[in-house]
There are 2 protein chains.
Amino acid sequence: MKNTQATIRDLALKLNISISTVSRALRGAQDVNPETKKAVLEMAQQMNYEPNKVAQSLRIKKTNTIGIVVPEIAIHFFSSVISGIQHYTSRHGYSIMICQSLESFEIEKSNIQMLVSNRVDGLLISVSSETREYQHLERLMEKKIPMVLFDRVVDSLDVSKVVVDDHDGAFKAVDYLIKTGCKRIAYIGGALTLSISNQRMKGYLDALKTNNIPVQEELMVFCNEFHDEPIVATRQLLDLPELPDAIFCMNDPVAILTLQVLKQRKIAVPDEISVVGFTNEPVSRYIEPSITTVAQPAYQMGEAAARMFIEQVENPASFKPRMETLQTELIIRNSTRRIA
Amino acid sequence: MKNTQATIRDLALKLNISISTVSRALRGAQDVNPETKKAVLEMAQQMNYEPNKVAQSLRIKKTNTIGIVVPEIAIHFFSSVISGIQHYTSRHGYSIMICQSLESFEIEKSNIQMLVSNRVDGLLISVSSETREYQHLERLMEKKIPMVLFDRVVDSLDVSKVVVDDHDGAFKAVDYLIKTGCKRIAYIGGALTLSISNQRMKGYLDALKTNNIPVQEELMVFCNEFHDEPIVATRQLLDLPELPDAIFCMNDPVAILTLQVLKQRKIAVPDEISVVGFTNEPVSRYIEPSITTVAQPAYQMGEAAARMFIEQVENPASFKPRMETLQTELIIRNSTRRIA
DNA sequence: AACCGCATTACAAACGGTTGCATGACGGTG
DNA sequence: CACCGTCATGCAACCGTTTGTAATGCGGTT
């Protein structure tokens, strides 16, 4: 943003024509003499002119920038989603501005405020695990700022969403565990305020029900964060009078911690206890034992969210919020027994 | 960017005072009556006013946005660097705009152009592996746009840089291998156009030299990408008349591929061949065997780059480009033998 | 010669802020 | 009473574009 940057006015001065003509020439308008146009383009090239998007944005009231809020960028799942978003939006001329909430509600709010202040054309958001009020999102809706929620969505809001079929993913995982002969299947989940936690738990419960296995309250534990609590949770399960024969973890990081505790206690996986994760983080493939997990199509989720967003901005009148559900895939590895 | 957003003019109208007074009140200027100020702030609150940063940026010629270009966001190392950058810059009021080059020179150029067009206050760049001309960066320097290169830097340019002591890291790794008794140590590296490849190779060579081990050309192979070529490279090494007793890989992904080939060929690690990686990706800790690797302080690198950048923008006159070198740490795991 | 239509170009007003300078009111001073 | 400094506020220009509308020139008609 230095004075070294040429402006449209500089070009006009040099060529001795008006600013508006230069502007029209640059954007290839119809009613400008081919020769003038040529001269302008050459001069632009020569003076190394770069259009000032800030001025453009102000004038046309559109920044061609989209704001993204994720809990943490360094989590593989989210950076993959972002990749997907970027792949799609960049081809439509959008830049992206990224913020991390670091799972803090306050930071999430200020992130959004900042993005709105920067007049992004819309927002793609995955809410923090701390978020349980939604006025900040409702305000966006009032202001008619296009928004798409992904992965960590808010059920009660009538906005566009892209999610994974968490219920089905969990169901498939637990159903598989049962087919391998497991009967006492435990569940380590997240706070039920998060829709995904809820869905995964329901999938777990439904799989039990479908297979006529009674639900045991003692086999269900919940964590608010996924660094320390899962360790406590696992120990709690292992201290039960009767051991579980499988543990379904709500995501891979939890599964990894669970495996560590099992290793410490010298419990054989999968012979004594099977473990299943969720997400298919790259690690889960390489860890010993490799983890059976429910793969989420992160990149595709990003693309889908981006697609919905673009539809929405290009067609604000006719667009109706909708929810898109992506399917998961159960990836069978070595932390579970084989089907007999 | 809808008409639903209140402007400073709307506030002025409502309060029946001038635009400039509102502006001054909002930014807490000195010479505005406390009461007026209070009224303005209240009205702003009430009307849900959000300053338009686009207009601000245009006027003050500063966007408080910084552009980042990385090869790929979904690589843990880079997303960690970005985390570090964001942590530091957000506290200084900067937003970040992120682009991925996907290791393509052309995309890298267009990324940079786009960011310049958006008038970011500066750029933090890690160049693509394809990049071997630097006019696009030189142009930035001519335009006096602050820039900091990190990790994948360009030696020949006189700009600020943050790197890891690749030479030392490689040296420590190879030296350790030698201390564990290895004598025929192979190296799988990247294209020497990348400064980091170069430095790591030199570290390898110097470690051999220091320990009076002759360099064998046949033990050094180079890859242009890290998905398929490392597999070929490893096989090539294993087909030598005399097997190596260690392989030093230029990064963890290569090490993982190497381990796979070794597993296929049923060669015991580390008993027959030791393997060392570089970067300390999270996977390398969990894979079997866990990989001895040279840890790079990614997050700190981001912070350092951000710090240098801020210094530069806040103090453009006195700032001199400099290079900051961060130290690595050798993390010993199970892919190498113990020191006797 | 006056007029018209057409292609091309210039003018000027926005967009939403910031900021130097002028203005006005007011109390104090000589 | 004229003058002055201070405080608070308003005016207007500006940032770099876009765009509706007016102006210009010109060849062709009547």
Side-chain angles (χ1 to χ4, degrees), chain A residues 1-41 43-44 47-65 93 116-121 143, chain B residues 1-41 43-44 47-65 93 116-121 143:
Chain A
M1 206 107 194
K2 278 283 168 308
N3 36 10
T4 40
Q5 288 279 15
T7 74
I8 205 183
R9 146 174 256 112
D10 296 332
L11 296 186
L13 243 50
K14 265 273 211 292
L15 291 164
N16 209 23
I17 57 178
S18 81
I19 291 182
S20 41
T21 303
V22 176
S23 171
R24 285 188 240 265
L26 285 173
R27 61 194 16 245
Q30 57 293 41
D31 50 358
V32 40
N33 189 319
E35 288 185 22
T36 339
K37 184 189 288 189
K38 185 155 160 285
V40 170
L41 292 181
M43 183 58 78
M47 296 182 67
N48 215 334
Y49 168 81
E50 299 278 1
N52 184 330
K53 294 232 188 231
V54 178
Q56 265 176 190
S57 299
L58 178 60
R59 179 61 234 247
I60 67 180
K61 297 185 136 223
K62 185 161 189 310
T63 52
N64 277 284
T65 298
V116 169
S117 226
N118 273 288
R119 297 299 190 267
V120 292
D121 293 337
K143 292 195 181 184
Chain B
M1 206 110 192
K2 278 284 169 306
N3 37 11
T4 40
Q5 288 279 13
T7 74
I8 202 183
R9 146 173 256 112
D10 297 332
L11 295 186
L13 242 49
K14 265 278 212 283
L15 291 165
N16 209 24
I17 57 178
S18 80
I19 291 182
S20 40
T21 303
V22 176
S23 171
R24 285 187 246 262
L26 286 173
R27 61 194 15 247
Q30 58 291 39
D31 51 357
V32 39
N33 188 317
E35 289 185 22
T36 342
K37 184 188 289 189
K38 184 154 159 284
V40 170
L41 292 181
M43 182 59 77
M47 296 182 67
N48 215 334
Y49 169 80
E50 299 278 0
N52 185 329
K53 295 232 188 230
V54 178
Q56 263 175 190
S57 300
L58 178 62
R59 179 61 232 247
I60 67 179
K61 299 187 137 223
K62 187 160 187 312
T63 53
N64 277 286
T65 297
V116 169
S117 226
N118 274 290
R119 297 299 190 267
V120 293
D121 293 338
K143 292 195 179 183

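Reminder, nothing fancy here: chain letters follow the sequence lines and each chain counts from 1. Atom set for the values below is all heavy atoms of this structure, side chains included, hydrogens, waters and symmetry mates excluded. What you see is a predicted model; the values in this text were computed from it and never measured.
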Keeping A:N118 on the side-chain end and A:V120 on the backbone end, is there a donor-acceptor pair under 3.5 Å?
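Side chain of A:N118 to backbone of A:V120: no pair is present.
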
Do B:R24 and B:V40 have side-chain heavy atoms sitting under 4.5 Å apart?
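No; the side chains remain at least 4.5 Å from each other.
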
Whole-Å gap separating P (D:dG5) and CG (B:D31):
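That distance rounds to 18 Å.
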
Separation of atom CG in B:N33 from atom C1' in D:dT9, rounded to whole Å
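After rounding, the gap between these two atoms is 10 Å.
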
If you take all heavy atoms of [X] and [Y], which pair is closest and at what distance?
X	Y	answer
B:E50	A:S117	OE1-OG, 4.2 Å
A:A44	A:L26	CB-CD2, 4.1 Å
A:T63	A:S57	CA-OG, 3.5 Å

Value rounded to 0.5 Å, distance of [atom1] in [X] from [atom2] in [Y]:
X	Y	atom1	atom2	answer
A:Y49	A:I8	OH	CD1	5.0 Å
B:D10	B:M43	CG	CE	10.5 Å
A:D121	A:K61	CG	NZ	12.0 Å
B:L58	A:Q56	CG	CD	11.5 Å

Please enumerate all protein N or O atoms sitting under 3.5 Å from an N or O of nucleotides 15-17 of chain D, with distances to 0.1 Å.
unit_1 : atom_1 : unit_2 : atom_2 : d
D:dC15 : O2     : B:R59  : N      : 3.4
D:dG16 : OP1    : B:K61  : NZ     : 3.2
D:dT17 : OP1    : A:Y49  : OH     : 3.0
D:dT17 : OP1    : A:N52  : N      : 3.3
D:dT17 : OP2    : A:I8   : N      : 2.8
D:dT17 : O5'    : A:Y49  : OH     : 3.4

List for me each residue that meets side chain to side chain donor-acceptor pair (under 3.5 Å) alongside A:T65, sequence neighbours excluded, and say none if there are none.
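A:T65 satisfies side chain to side chain donor-acceptor pair (under 3.5 Å) with no other residue.
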
Validation: residues 11-18 of chain A side-chain donor-acceptor distances under 3.5 Å, sequence neighbours left out:
unit_1 : atom_1 : unit_2 : atom_2 : d
A:S18  : OG     : A:S20  : OG     : 3.1
A:S18  : OG     : A:T21  : N      : 3.3
A:S18  : OG     : A:T21  : OG1    : 3.0

Could you check A:R119 against B:K53 for side-chain contact (heavy atoms from CB on, under 4.5 Å), going step by step and ending with a plain yes or no?
CA-CA 7 Å; A:R119 297 299 190 267; B:K53 295 232 188 230; over 6 Å; no

Answer yes or no: does a side-chain N or O of B:T36 lie under 4.0 Å from OP1 or OP2 of D:dT9?
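Looking at the OP1 and OP2 atoms of D:dT9, one of them is under 4.0 Å from a side-chain N or O of B:T36.
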
Nucleotide range of DNA chain C lying under 4.0 Å from chain A heavy atoms
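It runs C:dT8 to C:dG16.
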
Shorter than 3.5 Å, N or O on both sides, protein versus nucleotides 20-24 of chain D: list them out with atom names.
unit_1 : atom_1 : unit_2 : atom_2 : d
D:dG20 : O6     : A:R24  : NH2    : 2.5

Considering the terminal five base pairs at each end of the helix from C:dA1-D:dT30 to C:dG30-D:dC1, what angle separates the two local helix axes, rounded to 10°?
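End axes: 90° apart.
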
